[in-house]
Amino acid sequence: MRLRIVIGILSAIGLALVFLFQRINVAEIFNLTNSSIHQFIINRTIRFLLNDLLTIGLIYALFYERKYLIFSFWVQGIGIIFFLIPYFVMKIYYPDYNGPLLSFLHRLILNPTLLLLLIPAFYYQKKINTKDTFN
């Protein structure tokens, strides 16, 4: 139980730190590339992965069930394919476009929205399953 509490606290602190230090250019700090496009891709990918992995840590701390973790990793993988990659394509190949689709993708990339929505869904699932057990 203590491990779950520690993981939950560290995940919440990590999410807050990722938000507070969102303007830091990680690619430039570690001298990974000089290209602004590559820096953009590296920085957004790191933030996406950190946010999602920390949220998965929070899900682990709250529910402590393997099936929820596996599903969360699948959602993260689907997010990479259906949100992160199209976001990069639109930002790189259509830099003048700044419409609602790009705004929507931007929010999903920079915030762990998709995985945070799983928390109430998992809570509801768990509540329904425990209710069925007692009937």
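Values below: all heavy atoms of this structure, side chains included; hydrogens, waters and symmetry mates excluded.
Using a 4.5 Å heavy-atom threshold, the side chains of Leu115 and Asn51 count as separate. Side chains of Ile119 and Phe63 form a contact here, defined as non-hydrogen atoms less than 4.5 Å apart. No side-chain heavy atom of Leu118 sits less than 4.5 Å from a side-chain heavy atom of Leu114. In this structure, the side chains of Arg44 and Leu110 come closer than 4.5 Å at one or more pairs of heavy atoms. Looking at Gln76 and Leu53, their side chains come closer than 4.5 Å, going by heavy atoms from C-beta outward.
Interatomic distance, CD1 of Ile37 versus CD1 of Ile42, reported as 12.0 Å (0.5 Å rounding). Rounding to the nearest 0.5 angstrom, the gap separating the OG1 atom in Thr55 from the CG atom in Leu116 is 4.5 Å. Atom OH of Tyr60 and atom OG of Ser11 lie 11.0 Å apart (nearest 0.5 Å). Rounding to the nearest 0.5 angstrom, the gap separating the CZ atom in Phe88 from the CZ atom in Phe48 is 9.0 Å. Atom CZ of Phe40 sits about 14.0 Å away from atom OG1 of Thr33, to the nearest 0.5 Å. Atom CG of Asp52 is separated from atom CD1 of Ile59 by 9.0 Å, given to the nearest 0.5 angstrom.
Note on Leu20: it clusters hydrophobically with Leu58, by side-chain heavy-atom contacts below 4.5 Å among ILVMFWY residues. Note on Leu49 and Ile70: separate hydrophobic clusters, where clusters join Ile, Leu, Val, Met, Phe, Trp and Tyr whose side-chain heavy atoms are under 4.5 Å apart, directly or indirectly. A continuous path of hydrophobic side-chain contacts links Leu15 to Leu17 [ILVMFWY only; heavy atoms under 4.5 Å]. Cluster annotation: Leu105 is connected to Tyr97 through the hydrophobic network of ILVMFWY side chains, with a link wherever side-chain heavy atoms come within less than 4.5 Å. Linking ILVMFWY residues whenever their side-chain heavy atoms come closer than 4.5 Å, directly or via other members, places Tyr123 and Phe71 in the same cluster.
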Under 3.5 Å, which donor-acceptor pairs link side chains of residues 80-87 to any protein atom two or more places apart or in another chain?
from: Tyr87; atom 1: OH; to: His106; atom 2: ND1; distance (Å): 2.9

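Under the rule for a salt bridge (charged side-chain N to carboxylate O under 4.0 Å, His left out), the partners of Glu65 that lie at least two apart in sequence or sit in another chain are Lys67, Lys126.
Counting non-hydrogen atoms of other residues, nucleotides and ligands closer than 6.0 Å to OH of Tyr93 gives a total of 12 or fewer. Applying the 6.0 Å contact sphere to CZ of Arg4 captures more than 12 heavy atoms from other residues, nucleotides or ligands.
Side-chain N/O atoms of Asn25 and Asn43 include a donor and acceptor closer than 3.5 Å.
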